[in-house]
Q: 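Structure below; questions to follow.
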Amino acid sequence: MSSLPRKATSIAKDAAPRRFIFLLLDRFTMLSFAGAIEPLRIANRVAGRQIYTWKLAGEGGIEATCSNGASFKLDMGLDEIDREDTLLVCGGIDIGRATTRGVTGWLRREARRGVVMGGLCTGAYSLAKAGLLEGRKATIHWENQDGFLEEFEEVKLTKSVFVIDGNRLSTAGGTASIDLMLKLIAADHGEDLANTVADQLIYSSIRTDQDTQRLSIPTRIGVRHPKLSQVIQKMENNIEDPMSPADLAEEVGMSTRQLERLFRRYLNRSPKRYYMELRLQKARNLLMQTDMSVINVALACGFASPSHFSKCYRSHYNTTPYRERGTQSGMPGIGTRLSI
């Protein structure tokens, strides 16, 4: 690596190292974990001394395996930690199963002692399950938002890349951990150090908690047409009570026929079909991430009857909602189709 600017090393010499405890849940996401721990390592190198330390924790205290199959040796089990520590829950696939009673009990105990806590990727689910996000702002990977909203209505869920609400932190997964850690490093030791760490990571665009996690609609659909984007946004915001094509067209100042042509030209399907696919995608998320009944899933996605919902679902996914639910683990809470 290149030499480091002197200004980045101007850190108070008497500052005690800040310690992070990474709770590695079963099948956690490596990318989110690496995105959190590597900025700390680089910050130490830039500072020329140990300004951050960390330990890996997990149930059993021996080993944790992430979603890609790699295993990590743990430093500790669910032991008492220092009040000054920052505890980060590293979540991933099948977070409902990974969030055991032992984990929630430990989180509650440490929260009572005033420990700062955060959830990386799906880790916010574990904090919410322990009752530690009530009335707080939080974020979670976009794929898990539908199920999370249904299970934890008391949490103020956002679509931000990361959220800091008092002593509760959360990230949306993927590289969002980098953004959170750079924010914490800047708060601890100044913007110069954080920017130098970002340079070392070849991370040229640092995001803030005002940035949203998903790509813009034009980028997602590969089309830059303002009225098409507006219509799709309205569809996404009105899943439970679908709008008619006529109402959608009127909202953006065009005729129903013009709307039909717009969708056919750019997306090769009718507005009605595109809307149906959005609703069915949300239904699939709810079936796989929550223990909601099939009837309630149907209602939440704008279907007036379970029979119509089942017919549409089978036509699109080649299976019924009941069979889809039957392929899951049977555990309540968020299911298996989780995170990247």
Side-chain angles (χ1 to χ4, degrees), residues 16-26 28-29 32-37 39-40 52-59 61 64 72 74-92 95-96 98-141 144-145 148 151-152 154-158 160-174 176-188 209 333-334 338-339:
R18 179 176 180 177
R19 189 172 76 160
F20 286 80
I21 307 296
F22 291 95
L23 173 60
L24 306 184
L25 298 181
D26 187 45
F28 69 95
T29 304
S32 291
F33 168 59
I37 200 169
L40 302 179
Y52 293 108
T53 63
W54 52 84
K55 282 192 172 184
L56 308 185
E59 209 164 12
F72 290 80
L74 300 177
D75 301 306
M76 58 183 289
L78 304 184
D79 308 318
E80 185 174 298
I81 61 177
D82 294 338
R83 293 182 181 179
E84 294 75 21
D85 290 339
T86 300
L87 172 59
L88 297 179
V89 182
C90 301
I95 190 67
T99 305
T100 64
R101 289 184 179 180
V103 166
T104 55
W106 186 59
L107 292 175
R108 291 186 188 114
R109 187 186 73 197
E110 295 304 323
R112 286 195 295 268
R113 301 176 60 247
V115 172
V116 176
M117 293 186 179
L120 308 183
C121 195
T122 59
Y125 175 89
S126 303
L127 296 180
K129 193 70 176 177
L132 304 179
L133 291 179
E134 293 185 7
R136 305 278 193 129
K137 289 183 179 180
T139 190
I140 198 169
H141 192 279
N144 308 305
Q145 293 218 345
F148 190 98
E151 189 166 354
F152 304 112
E154 71 281 1
V155 180
K156 301 173 184 177
L157 193 65
T158 76
S160 300
V161 172
F162 69 87
V163 170
I164 300 176
D165 188 347
N167 61 355
R168 296 290 180 266
L169 324 170
S170 52
T171 76
S177 295
I178 298 176
D179 301 291
L180 172 64
M181 302 312 285
L182 291 174
K183 176 75 172 181
L184 297 181
I185 291 169
D188 290 343
D209 55 359
I334 292 184
L338 292 178
S339 83

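Basis for what follows: all heavy atoms, side chains included, without hydrogens, waters or symmetry-related copies. Positions are given from 1 along the sequence.
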Q: Flag the pair Glu80 / Glu110 as yes when at least one side-chain heavy-atom distance between them is below 4.5 Å, and no otherwise.
A: yes
Q: If you define the side chain from C-beta out and look only at heavy atoms, does anything of Asn144 sit under 4.5 Å from Tyr125?
A: no
Q: Just do the side chain to side chain contact (heavy atoms under 4.5 Å, CB included) check on Trp106 and Glu59 with the steps written out, would you?
A: CA-CA 10 Å; Trp106 186 59; Glu59 209 164 12; over 6 Å; no
Q: How long is the gap from CG on Leu180 to CG on Leu120, to the nearest 0.5 Å?
A: 7.0 Å
Q: For Leu88 and Met181, which heavy atoms make the closest approach, and how far apart are they?
A: CD1-SD, 4.2 Å
Q: Can you name the nearest heavy-atom pair linking Ser32 to Ser177, along with the distance?
A: O-OG, 2.9 Å
Q: Donor-acceptor pair, distance only, cut-off 3.5 Å: does the side chain of Ser170 make one with the backbone of Thr139?
A: yes
Q: Are any of the side-chain heavy atoms of Leu78 and Leu23 separated by less than 4.5 Å?
A: yes
Q: Centre-to-centre under 6.0 Å for Phe28 and Phe22, is that the case here?
A: no
Q: Atom CZ in Arg108, atom NZ in Lys129: separation rounded to 0.5 Å?
A: 9.0 Å
Q: Rounded to the nearest 0.5 Å, how far does NZ of Lys137 lie from CG of Leu157?
A: 12.0 Å
Q: Ignoring hydrogens and geometry, is there a side-chain-to-backbone donor-acceptor pair from Gln145 to Ile140 under 3.5 Å?
A: yes
Q: Do Leu184 and Leu169 touch side chain to side chain, with heavy atoms closer than 4.5 Å?
A: yes
Q: Check the pair Asp26 / Thr100 against side chain to side chain contact (heavy atoms under 4.5 Å, CB included), numbers first and verdict last.
A: CA-CA 10 Å; Asp26 187 45; Thr100 64; over 6 Å; no
Q: Side-chain contact, heavy-atom cut-off 4.5 Å: Ile81 with Met76?
A: yes
Q: Going by salt bridge (charged side-chain N to carboxylate O under 4.0 Å, His left out), Asp85 matches just one of Arg19, Arg113, Lys55. Which one?
A: Arg19
Q: Main chain of Leu132, side chain of Arg168: is a donor-acceptor contact present, judged purely on distance under 3.5 Å?
A: yes
Q: Looking at Phe162, is its backbone amide N or carbonyl O close enough to the side chain of Thr171 to form a donor-acceptor pair, meaning the two atoms are under 3.5 Å apart?
A: no
Q: Please find the pair of heavy atoms, one from Leu127 and one from Val89, that lie closest to each other, and give the distance.
A: CD2-CG2, 4.1 Å
Q: Kindly compute the distance separating CG (Leu56) from CG (Leu74), expressed to the nearest 0.5 Å.
A: 6.5 Å
Q: Show, in sequence, the C-alpha distance, side-chain angles and deciding distance for Phe152 and Leu133, and conclude whether the side chain to side chain contact (heavy atoms under 4.5 Å, CB included) test is met.
A: CA-CA 9 Å; Phe152 304 112; Leu133 291 179; over 6 Å; no
Q: Search all heavy atoms of Arg109 against all heavy atoms of Asp79 and return the closest pair with its distance.
A: NH2-C, 3.5 Å
Q: Please give me the minimum heavy-atom distance between Pro39 and Ala36, naming the atom from each residue.
A: CD-O, 3.5 Å
Q: Considering non-hydrogen atoms only, spot the tightest contact between Ser126 and Leu25 and give its length.
A: OG-CD1, 3.3 Å
Q: Under the side chain to side chain contact (heavy atoms under 4.5 Å, CB included) criterion, do Tyr52 and Ile185 qualify, and how do the steps go?
A: CA-CA 10 Å; Tyr52 293 108; Ile185 291 169; 3.7 Å; yes
